[in-house]
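Before any comments, here is the structure.
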2 protein chains.
Amino acid sequence: MPDDEASRAGGVDPRELWLSQARPRRGRRPAFSREGIVAAAVELADAEGLEAVTMRRVAARVGAGVMSLYSYAPDKETLLELMIDRVAGELPAGREVTGDWRADLKAVARSQRANMLRHPWLPAALATRRTPGPNTLAFMEHVLAALRSAGLDGAARMEVFAQVTAFVAGHVAHEVAQASAAWTSERLAAEARYLAEVAADGRHPELAAVLASSREPADPDATFTRFLDRLVDGLDAEL
Amino acid sequence: MPDDEASRAGGVDPRELWLSQARPRRGRRPAFSREGIVAAAVELADAEGLEAVTMRRVAARVGAGVMSLYSYAPDKETLLELMIDRVAGELPAGREVTGDWRADLKAVARSQRANMLRHPWLPAALATRRTPGPNTLAFMEHVLAALRSAGLDGAARMEVFAQVTAFVAGHVAHEVAQASAAWTSERLAAEARYLAEVAADGRHPELAAVLASSREPADPDATFTRFLDRLVDGLDAEL
DNA sequence: GACTATTGTCGTACGTCGTACGAGAATAGT
DNA sequence: ACTATTCTCGTACGACGTACGACAATAGTC
């Protein structure tokens, strides 16, 4: 048992996590696969939310013993990273860019939003992400290429990528929370009663005015597009 | 035991959570206070992160039995909401606006960022927030007032508020993750080695170029200001 | 002052979580 | 056949959120 320094505290070496390594030539043949396990975890999160992703439930889903999962991921946090990179595989990458970087950037953001709506746990999960996996890197490569015509240097393009991602994540997190199934009609009514009570106390005139106006619920797609346009056009204005 | 419908599933009635209620005229006098408990929870989160906020540790910090906390908050999720609203009390509110809505909005965003840097758990916590408490509402009132001169209708002003908040939260979450104490030097070196390896595989030319350039770490304050200017100026361009 | 209703405190206990440990099974080189 | 290696997974431990209910303290009523 050499116990090389890779298994020390502070996180696993990203290389041994992400870089493909050849199957060992000795020892028992694996009965499961990392892909299958991660896929099961993603399905679970999609269907029942992040908090349903427990080692026990994932193991049950793939038909493994709980502790067998630890042969494929050193801990649950890492499993979460693998989930993130798996769904990053659904994002466009390797596609050619049009040369219109504003249009490309908006398309990128739209596909990010679509991905997060498909996987509503993603915005919350991204908040604790550590090291980008291969699919995330391929997507980053795509975005950086799309931004080539924007005349920004390397660091600035990276910044823009981070900012757009953060923005979309924040927006979708809010969007998903609003549309959540947890909003029963009585919960909604209670909320409305509370806000009305606050608005009626006289110390929140602006809030009262906003509450009084605007009753239609606002189309989420249109709202997102509007926000995105603002952000990207803001980028544009700087050049 | 009437068990009125307020204690049903789907969350507590916001009114009985946020609206101040008179002390009951009968029964034992409370030994603790909601404020003290929430303050202890915030201190804990500030010092050791959100995952250190457990009912047991909060109780120990205020000198209460664990189950006593449940007299002040119906569950842990609600305690988290109370924490969020407590730190929202550190945001500017009730202050007069200058009339220059762009400057005011930028000042608002800066104070939000400062607050999130003081309480690094806040971006993550905000993702699951349900109902705005009084301090959050006061802050919203302030922002809405600042936006009065922008010529937007009620719903649009609310949108802008939500967008700026989402933007700042996303940005600071990223910022905090980068500067996290978990980045030991060996961890950092391992990350660099991994990225170098990826860049060297020839399939990530843009990434390689970015990695090759730009070695100075970039001032976080300046970066935030730049991004914020972009966003707000983008808003401006729309009018 | 005794009685009772009400409210707050908190010890115990239950089910669930992540995961350390190590015994056993399977595989491949010798 | 033997051995080193790799994988599987039952058991167990400590920590978590919180339901339950016994008990303590308060205030109104007689």
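Just so we're on the same page: letters track the sequence lines, and every chain starts at 1.
Residue A:Glu51 contributes atom CD, which lies 13 Å from atom P of D:dT18 at whole-angstrom precision. A:Ile37 places its CD1 atom 11 Å from the P atom of D:dC9, with the value rounded to the nearest Å. The CZ atom of A:Phe32 sits 14 Å away from the C1' atom of C:dA26 (whole-angstrom rounding). Rounded to whole angstrom, the span from the CZ atom of B:Arg23 across to the P atom of D:dA25 amounts to 15 Å.
Under a 3.5 Å cut-off, the side chain of A:Ser68 and the backbone N or O of A:Ala64 do not form any donor-acceptor pair. The main-chain N or O of A:Phe32 is found under 3.5 Å from a side-chain atom of A:Tyr72 such that the two form a donor-acceptor pair.
Aromatic ring orientation, A:His171 versus A:Phe224: tilted (interplanar angle from 30° to 60°).
Between B:His119 and B:Val172 the shortest side-chain heavy-atom distance does not fall below 4.5 Å. Between A:Leu79 and A:Ile37 there is a side-chain heavy-atom pair separated by less than 4.5 Å. Counting heavy atoms from C-beta outward, B:Glu81 and B:Trp18 have side chains that approach closer than 4.5 Å.
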DNA chain C in dot-bracket form (Watson-Crick or G-U pairs under 3.5 Å, [ ] crossing, | inter-strand) is |||||||||||||||||||||||.||||||
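Between C:dG29 and A:Arg25, a contact under 4.0 Å exists linking OP1 or OP2 to a side-chain N or O. Distances shown here put every side-chain N or O of A:Arg29 at or beyond 4.0 Å from the OP1 or OP2 atom of D:dT6.
Near-neighbour residues of DNA chain C inside residues 62-80 of chain A, defined by a heavy atom below 4.0 Å, number-ordered: A:Val66, A:Met67, A:Tyr70, A:Asp75, A:Lys76. Applying a 4.0 Å cut-off to non-hydrogen atoms, the residues of residues 52-61 of chain A that approach DNA chain C are A:Val53, A:Thr54, A:Met55, A:Arg56, listed by residue number.
B:Glu48 and B:Arg57 are joined by a salt bridge, as a carboxylate oxygen and a charged side-chain nitrogen come within less than 4.0 angstrom of each other. Salt bridge status for B:Arg113 with B:Asp221: present, with a side-chain N to carboxylate O gap under 4.0 Å.
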Chi angles and distances behind the salt bridge (Lys or Arg N to Asp or Glu O under 4.0 Å) call for A:Glu206, B:Arg157: CA-CA 10 Å; A:Glu206 302 289 341; B:Arg157 282 190 282 163; 3.0 Å; yes
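Distances were taken from every side-chain heavy atom of A:Arg26 (C-beta onward) to each of D:dT6, C:dA5, D:dA4; the shortest belongs to D:dA4.
At most 12 heavy atoms of other shown residues, nucleotides or ligands fall within 6.0 angstrom of atom CD in B:Glu35.
With no hydrogens or angles considered, a side-chain donor-acceptor pair links A:Thr131 and B:Arg187 at under 3.5 Å.
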